[in-house]
Amino acid sequence: MIDRCGRKIDYLRISVTDRCNLRCIYCMPEGGVKLVDRSMILQEPELVRVVRVMAELGICKIKLTGGEPLVRPGMPSLIRLLKEIPGIRKVTLTTNGVLLKEQMKDLAYAGLDGLNISLDSLEEVCYQKIAGRDNLHETLEGIREALKYPSVSLKINCVPLGLEEQDLCEIAALAQKYPLHVRFIEMMPIGYGKEFRGMQEAEIIKLLEKCFGKLIPYEGEKIGNGPCHYYSVNGFMGKIGFISAISHKFCRECNRIRLTSQGYLKTCLQYTAGRDLREVIRSGGTDEDLKKVIREALAEKPEGHAFLEKAPEDETEKLCMSQIGG
Ligand code: SAM
Ligand code: SF4
């Protein structure tokens with residue numbers, strides 16, 4: 001699918017739930033967000049149908065996210081079904097890792113291609129301060145388990161908040177010790193993220209170079225589906241990556257659309273622009289109806305975010321990341 005700006009859209013991020021077992025301070029308030037009734041959430045056959053139709057339109061890469069996708073039962077079954085759809089080349093999943101240890105084997109056997117594990121600190125008190133729960137041990141166990149399955153590529157995602165105790169060098173060192181990539185994500189002013197300044201790429205690179213020496217821009221074979229750019233570091237098994245939506249705006253190369261857990265097709269993180277696919281499905285719409293609505297949404301995909309400018313209030317997304325599917 002080509003959008004109105006000439007961008008090739010081949011990547012769909014699906015939020016499978018708005019529920020989560022953590023309360024990351026930049027993502028979900030302690031009391032949680034108002035959860036939608038389960039009947040409003042797309043069921044497995046509905047998800048499979050949407051992906052089949054999207055694959056016919058050119059989507060070939062799927063990321064399952066949330067909320068926390070592993071709190072929704074049946075992820076291995078969903079992955080297996082998605083992988084069987086003609087045209088779908090890669091299915092990956094992003095998780096906080098808390099429930100990963102017990103599910104990893106089934107996810108790998110279902111054909112999962114890649115796993116992003118979010119980890120903002122390796123220090124117990126700091127992890128709890130950011131994640132709102134005392135689950136560092138479980139997340140680390142999840143990472144250890146995931147490392148046993150080399151067919152599933154592994155990335156660690158960290159959102160630097162500018163807290164000294166977050167110790168970004170310690171997190172980066174995971175790519176030194178293990179065959180995985182560590183990526184630093186700039187805080188985006190979405191939902192509760194608006195309340196944090198975060199750290200920008202240049203500042204993080206300076207800090208990492210003090211610990212590890214020069215970060216060398218990586219220009220080899222493309223890693224992953226998204227806008228992350230990578231650096232090599234001497235002696236590291238994996239790379240260090242940056243997803244810098246603020247300091248290195250990448251909207252011109254945007255290749256993605258998002259489906260919320262309620263079946264709303266979102267064409268840009270920052271804006272409400274999109275279409276309700278659940279409505280089409282549950283009112284008996286045909287595959288052709290779905291395709292028409294998807295094409296309409298694409299025709300209106302915003303050119304880019306306006307995180308640093310003032311975007312029109314009525315068009316700006318009010319939901320938080322856990323509800324949109326980060
Ligand atoms: N629960 C899963 C997890 O934590 O990986 C999947 C959903 S979570 C919303 C996906 C990613 O979005 C996480 O890596 C999280 O750190 C990131 N995220 C959440 N809010 C963000 C924000 N305001 N800016 C940048 N990244 C954010
Ligand atoms: Fe949950 Fe992921 Fe949001 Fe943290 S970032 S509260 S783990 S959805």
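In this chain, residues are counted from 1 in sequence order. Atoms within each ligand, like the ligands themselves, are counted from 1 in listed order.
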Where ligand 1 meets [X] - atom numbers and elements under 4.0 angstrom, heavy-atom basis:
X	value
E68	1 (N), 2 (C)
V159	16 (O), 26 (N)
N96	2 (C), 3 (C), 5 (O)
G193	23 (N)
T94	2 (C), 5 (O), 6 (C)

E30 and R133: CA distance, side-chain angles, deciding distance, salt bridge (charged side-chain N to carboxylate O under 4.0 Å, His left out) verdict | CA-CA 10 Å; E30 183 49 41; R133 298 285 183 272; 3.0 Å; yes

If we only count N/O pairs under 3.5 Å, is [X] in contact with ligand 1?
X	answer
I185	no
T65	no
N116	no
Y26	yes

[X] (side chain) donor-acceptor with [Y] (main chain) under 3.5 angstrom:
X	Y	result
R258	T267	no
E68	V71	no
K301	R256	yes

Has [X] got any heavy atom lying under 4.0 angstrom from an atom of ligand 1?
X	result
E186	yes
G66	yes
G67	yes

Is the gap between the SG atoms of C27 and C20 under 2.5 Å?
-> no

Of C27, G66, C24, the residue with the heavy atom nearest atom 4 (Fe) of ligand 2 is C24

For G67, take its heavy atoms, then give the atoms of ligand 2 lying under 4.0 Å from any of them.
-> 8 (S)

At a 4.0 Å threshold, what atoms of ligand 2 neighbour a non-hydrogen atom of C20?
-> 1 (Fe), 6 (S), 7 (S), 8 (S)

Should E145 and K105 be marked as a salt bridge (charged side-chain N to carboxylate O under 4.0 Å, His left out) after you check the CA-CA gap, both sets of side-chain angles, and the distance that decides it?
-> CA-CA 8 Å; E145 191 64 24; K105 186 175 173 191; over 6 Å; no

Of the backbone atoms (N, CA, C, O) and the side-chain heavy atoms from C-beta on, which set of D120 has a member under 4.0 Å from an atom of ligand 1: side chain, backbone, both, or neither?
-> neither

Is the gap between the ring centers of F242 and Y231 under 6.0 Å?
-> yes

SB check D113 R89 (cutoff 4.0 Å) = no

Decide if atom NZ of K222 counts as having more than 12 heavy atoms of other residues, nucleotides or ligands within a radius under 6.0 Å.
-> yes

Heavy atoms of other groups near E195 CD, more than 12 under 6.0 Å = yes

Check step by step if side-chain contact (heavy atoms from CB on, under 4.5 Å) holds for R19 and R72.
-> CA-CA 8 Å; R19 284 151 218 261; R72 173 170 167 152; over 6 Å; no

Identify the protein heavy atom lying closest to atom 7 (S) of ligand 2, giving its residue, its atom name and the separation to 0.1 Å.
-> N96 ND2, 3.3 Å

